[in-house]
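Side chains are part of it too, since the values below use all heavy atoms of this structure and drop only hydrogens, waters and symmetry mates. Reminder, nothing fancy here: chain letters follow the sequence lines and each chain counts from 1.
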Amino acid sequence: MDSSKKTINVKVNGEPYEVSIKPKMTLLQLLRNELGLTGTKQACMDNSCGACTVIVNKMAVKACSVLAMQVNGKEVTTVEGLASKDGKLSILQEAFLEHSAFQCGFCSPGKLMSSTAMLEELENPTEEDIRRDMEGNLCRCTGYVQYLEAIKEVVRQRKEGSK
Amino acid sequence: MKDFEYFSASSLQEACSLISQYKDVGKVLAGGQSLITLLRQKLISPTCLIDIKGLKELDFIEFDKKSGLRIGALTTHRAIEKSPLIQEKYNVLSEMEKSVASVQTRNWGTIGGNLCSADPIGDPAPSLIALGAKIKLVSAKGERAVALEEFFTDYFTTIIEPDEILAEIQLPPPAANTAVEYMKFATIEAGIKIVSTSVAVTVEAGSDVCKDAKIVMSAVAPIPLITKKAAEMLKGKKLTDDLIEEAAKMAASETDPTTDVHASAEYRKEIVKVLVKRAIKKAFEKAKKA
Amino acid sequence: MNERSVVGKPLPRVDGKAKLTGRAKFTTDVVLPGMLHAKLLRSPLPHAKIRSIDTSKAEKLPGVMAVITGKDTWGIRYGFVDTPNYPAEERPIAEDKVRFIGETVAAVAAIDPDTAEDALDLIEVDYDPLPPIFDPEEAMKDGAPQIHGEITRNTSCAWEDWGVARKSHSYTPVNNVAARVLVTYGDVEKGFAEADYIREDRSRSPGTSHMAMEPHTMVASWDPFEQKLDVWMNHMAWELKRYWLHKTLDIPLPKIRIHKTYIGGAFGGKAPCFDYEVICAFLSRKLCKPIKIELTREEVFSSCRNSHRFDISIKTGVKKDGTIVAQHCNVIVDAGAYKCSAPVAMFLSHGMCDCCLDRKNVRHEGVAVYTNKNFNFARRGHGAPQMRLAADGQYDQICEDLGLDPVEFLTKNLRKKGDVIPNGDRLDSYGLPEAIKKSAEAIKWKEKRGKQRDKNRGVGIGINGMFSGSGYWPFACTAIIRLNHDGTITLIEGDCEFGQGPDTTYSQIAAEALGLTIEDVTLVSSDSELCPMNYSNFLSGGMFVGGGAVYNAAIDLREKLLKVASEVMRAKPEDIELKDKKAFLKSNPKRAYTFTEIQRYHIQKHLGDPLFGIGYKKAVPEIEFYPSLSKGTGRFTDAYGFTASTAEVEVDRETGRIRVLKIVVAEDSGYEINTAVCRGQLVSQAVQGMSDALFEEIMDDEGRVLNPNLVDYEIPRAFDVPEIEIIDCSDFEPKGPWGAKEIGECARAAVISAVVNAVYDATGVRVMRIPVTPERMFNALKAQEKK
Ligand SMILES: Cc1cc2nc3c(=O)[nH]c(=O)nc-3n(C[C@H](O)[C@H](O)[C@H](O)COP(=O)(O)OP(=O)(O)OC[C@H]3O[C@@H](n4cnc5c(N)ncnc54)[C@H](O)[C@@H]3O)c2cc1C
């Protein structure tokens with residue numbers, strides 16, 4: 001074993017992993033290069049676009065700016081972990097599909113993770129909450145409108161469901 | 001990115017001893033929201049990182065009626081934004097935090113890391129200074145407390161010694177008849193701030209007279225700037241629109257901004273006039289009700 | 001085929017599940033066994049001779065597999081415009097001279113990206129600085145530093161394959177002029193003489209970034225046994241990319257395979273040939289290893305194509321009632337260090353705009369100028385946004401001067417449906433009048449225009465027209481549809497999916513024609529080895545040309561099915577309908593044969609013919625080759641898309657900050673095949689147009705980009721998006737698939753003008769240099785106060 005490497009344990013999408021990595025490896029590199037989870041994207045390399053957003057212990061974070069060492073012992077969810085294994089989309093993914101909330105699809109995984117985290121945190125987010133929590137996700141194709149609608153639709157459905 | 005050695009400290013004490021051991025080649029890593037980009041761009045290349053992010057003992061928000069508020073340096077921006085305690089007693093902090101970077105950065109980045117970055121456009125410092133913050137620095141040799149306004153020395157530099165760690169931020173209890181208002185100006189909503197300011201106004205109870213005032217700004221000088229002359233103009237006076245306007249002009253004359261891709265120095269000064277005026281007015285209105 | 005059940009609906013996109021679960025493969029996700037990574041050394045100087053390059057230290061670094069410089073690729077040339085008059089002058093690696101900061105001077109292939117990057121630091125380049133020139137107007141003056149010497153036709157010439165065979169010749173640019181255009185019709189002098197009122201104005205649109213989310217990336221893998229190159233890359237039309245790789249590296253065309261990947265956004269910015277692409281393939285062939293090049297965001301800004309800066313002066317003569325009688329435009333295009341599409345851009349700034357209004361007597365002069373800066377390419381509208389800003393801003397001011405209403409002014413000068421415009425294009429569909437009317441109503445034009453200045457609010461209008469493909473190169477597509485044994489189909493066509501939605505809309509087009517559902521369509525697309533010819537995805541030709549080919553293929557198969565069915569059923573084809581994988585009698589739906597049965601019958605009766613549909617389409621059938629870029633003669637396109645946009649803004653007079661309250665986009669895109677996809681295209685352009693008007697500009701200091709990242713180059717985020725209303729004003733386009741034409745590019749330009757004109761209405765101050773940043777607005781307001 002390379003002596004400069006360190007071992008970490010991390011749960012990704014429910015699966016436990018033990019990996020030996022160089023300390024400089026980012027969470028994004030861990031996911032994409034070591035675990036082959038390429039759904040999480042890299043687009044800016046300076047912590048500004050949100051394409052690499054994943055959920056760590058219920059919080060949305062940008063995987064490009066978190067060292068893999070820092071998720072040792074933690075739970076990570078990526079876009080690959082949203083749908084069920086037998087092919088059922090999450091409610092939010094379903095809403096994104098119905099509302100044409102994506103175009104090129106490169107930033108969509110990040111947006112899905114941010115909005116998934118938000119909807120877990122906030123029961124009934126307002127328009128303002130939604131926009132503010134999505135500020136960290138840049139999109140060039142959609143102009144945001146259809147994907148904000150998709151999120152609002154999920155909130156509406158949840159409200160109706162709880163009645 | 002260059003390779004580095006990595007240590008994860010399990011206690012503040014261990015962190016202090018590691019950093020005193022590696023102080024010439026090492027760097028403290030908190031949330032890494034600023035640090036990792038610097039490493040990637042090779043703007044700095046320490047050979048060793050001491051990770052303190054996991055230190056629970058520096059992750060807290062505690063309030064005491066007499067001594068006030070203590071925020072551990074590893075408290076995330078998001079925790080401050082969402083803290084019911086802070087929303088109730090130091091609302092300006094949670095309002096200000098809403099404008100810091102993005103949710104993702106606020107979830108992982110820490111208040112200590114923000115202050116230690118000493119970015120002249122950083123948002124928290126002006127509000128904390130306006131609230132009268134002190135900070136606690138610790139090292140293997142001991143600890144010291146300094147007023148936050150003494151902390152910054154130049155662009156991206158502070159008085160912190162290479163073997164010191166910022167441990168906590170302390171705020172006095174909320175003052176009576178006082179309000180602090182944060183205001184920012186950027187081209188897009190979550191854009192780089194061209195100017196931001198925090199203004200504290202204390203009024204004589206039941207009157208329009210300003211008892212005390214503090215005006216702090218970012219992005220207009222190498223460090224968070226306290227425009228003392230402008231604040232002096234307000235003290236002991238009835239706050240009329242004219243006076244506020246004059247004070248805001250004075251504040252602008254005290255700034256020393258630079259030109260960059262977001263705005264020219266001259267324009268920044270113009271914005272200071274508007275922003276400070278609006279912030280004083282708002283703080284004043286709120287202080288009267290406080 | 002009257003009732004439409006698949007087209008005209010907001011069906012979920014067929015690429016959705018892949019894209020929303022992280023399984024969609026983008027180039028950046030491609031990993032091959034033994035793959036190496038390459039990084040490029042970029043010039044730090046804007047203009048310099050290269051005396052020598054020492055790569056020895058870099059070569060010795062462990063993990064480095066190859067270092068190449070201009071010596072290795074000497075003589076290779078390519079370019080977007082590559083004609084006898086303007087032979088290509090781009091090169092993969094600078095040879096003896098660098099012409100902009102960011103130009104590639106060497107490349108390293110290594111075992112990982114970090115090692116490659118470390119090796120770059122070890123390469124020593126000895127430069128001899130030359131005086132640089134950055135401003136196009138300065139660059140045209142006598143005595144300015146000359147950026148190019150003689151340009152000689154070399155490895156690549158598109159013309160010899162696709163154009164009229166004509167001898168190509170070398171040329172030496174004089175005063176840094178890369179190309180000129182002069183289009184005239186009518187009698188401009190006479191027109192101005194008849195005018196009651198004449199205005200002259202200047203405007204500037206800056207260089208901007210396409211800012212596609214996926215940074216430019218390519219993977220190339222050379223198979224030394226088959227002598228074949230496998231490629232995964234960012235592109236907008238593999239046919240073009242394959243062609244350039246073939247020409248620059250002298251690899252036989254069928255020995256290059258470009259595989260399908262999803263493309264993470266493009267907006268024009270991934271269409272031309274790039275240095276890193278040639279280098280990636282070159283290194284792979286040299287090392288017989290797969291190579292990946294992923295550019296950084298900074299490289300995308302500083303070394304990949306951006307949009308052109310345009311400086312335009314425009315002079316318009318009108319009658320008292322607002323009738324335009326003459327117009328003279330002078331367009332200066334900042335080409336940057338290589339001309340790329342600059343000759344096209346300044347032509348298109350006329351070509352796309354001529355379809356909207358009847359200006360009667362026109363003179364359009366353009367010059368593209370070399371400067372020591374990164375060079376440029378089309379971005380969503382390619383020349384139209386810059387020209388529309390100049391024109392629509394001036395019309396707005398003319399109305400102010402003469403007391404006319406801008407909506408009435410535009411309406412008065414409209415062309416008419418069925419008009420043949422001066423170059424010969426006929427406006428078979430022309431929804432612009434309706435779009436102007438509806439967009440004005442939606443913003444409450446009558447109630448608001450000129451009436452809200454006390455509230456610092458205002459409304460404005462802008463318009464635009466856009467080709468649905470053009471006669472450039474072959475600009476033709478073919479599609480093939482296979483009838484499967486179970487009655488479903490496999491659609492094989494070449495378009496690539498970069499977000500605009502062809503995988504979905506083309507499937508809908510085919511399904512509709514055959515009475516199938518979209519689930520019955522299996523798609524093979526965007527693979528150079530599996531798909532037939534595809535040149536469509538630029539100049540907004542995707543739907544009209546690519547979709548047109550699919551439509552024709554589907555109709556071909558439909559007619560075949562009907563013919564066979566009529567044999568089987570002993571009925572007339574026109575009495576038969578296709579639905580649910582069956583052919584049945586309209587009069588008696590119970591009398592039905594499944595597609596499976598029909599196919600079985602046909603194979604047995606007709607020597608095994610299994611029923612295929614084949615369709616093809618050419619953008620402009622009537623023209624043999626290109627329209628003339630330099631004179632603007634000849635047909636441009638077969639159908640135009642149109643937009644009118646209105647906007648309402650509020651200006652903070654104390655700070656100059658502008659807030660957009662609402663944007664209306666009324667669009668004639670022809671029939672909307674997928675209404676949700678169409679809406680997405682228009683919302684997208686509303687937000688991009690607003691951003692162009694207010695935020696975006698690539699800033700440079702002495703040729704160095706100052707904001708090459710997403711922190712400093714600000715684009716709108718969720719909070720910045722105003723209320724957006726989309727109005728479908730589509731006019732059925734008889735030549736388009738199901739009546740469809742163009743939707744991807746037209747609206748952006750109209751929105752820019754609408755926002756800028758609304759700012760005037762709100763303040764009485766006209767800023768004709770975009771973006772109208774808070775600071776620019778503030779300074780303009782201050783200047784107004786002084787007056
Ligand atoms: C895209 C982007 C946008 C941003 N926008 C804003 C904004 O709008 N407003 C704003 O105010 N900030 C902004 N920031 C800055 C952000 O708030 C800081 O990056 C973050 O707070 C830093 O915290 P961290 O814990 O991640 O620090 P790190 O990145 O881990 O550390 C930063 C520096 O502080 C040192 N350090 C950290 N903690 C300590 C400690 N306890 N004791 C001693 N030294 C320490 C580190 O050695 C390092 O030098 C932005 C950052 C990014 C990347």
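For K74(A), the part lying near chain B is the side chain, with the backbone staying farther off; criterion is any non-hydrogen pair under 4.5 Å. Interface remark: K2(B) contributes backbone atoms only to the contact with chain A (heavy atom separation under 4.5 Å). Looking at L38(B), neither its backbone nor its side chain comes within 4.5 Å of chain A, counting heavy atoms on both sides. Heavy-atom distances place the side chain of D51(B), and not its backbone, under 4.5 Å from chain A. Only the side chain of E121(A) comes within contact range of chain B, with heavy atoms under 4.5 Å apart. In this structure, the portions of M45(A) lying under 4.5 Å from any heavy atom of chain B include both its backbone and its side chain. Looking at T26(A), only its side chain comes within 4.5 Å of chain B, counting heavy atoms on both sides.
Considering only heavy-atom pairs separated by less than 4.5 Å from chain B, the leading option among A60(A), S114(A), S48(A), A117(A) is A60(A). Among Q70(A), M59(A), M113(A), M69(A), the residue making the largest number of heavy-atom pairs under 4.5 Å with chain B is Q70(A). The greatest number of non-hydrogen atom pairs below 4.5 Å with chain A, out of E5(B), K98(B), Q41(B), is found for K98(B). Put simply, of R131(A), K62(A), M134(A), M118(A), the one with the most heavy-atom pairs under 4.5 Å next to chain B is K62(A).
A side-chain donor from one of E80(A) and T78(A) sits under 3.5 Å from a side-chain acceptor of the other. For the residue pair N137(A) and Q104(B), a side-chain donor N or O sits within less than 3.5 Å of a side-chain acceptor on the partner. A donor-acceptor contact closer than 3.5 angstrom links the side chains of S218(B) and S196(B).
For the pair K6(A) and F7(B), the cation-pi criterion (under 6.0 Å, within 45° of the ring axis) is fulfilled. Geometrically, K111(A) engages Y147(A) in a cation-pi contact, judged by NZ or CZ lying under 6.0 Å from the ring centre and within 45° of the ring axis.
Crowding of K159(A) atom NZ: a count of heavy atoms from other residues, nucleotides or ligands under 6.0 Å not exceeding 12. Environment of CD1 in I91(A): sparse, with no more than 12 heavy atoms of neighbouring residues, nucleotides or ligands closer than 6.0 Å.
Between D46(A) and R40(B) there is no salt bridge, since none of the side-chain N atoms of the basic residue sits less than 4.0 Å from a carboxylate O of the acidic one.
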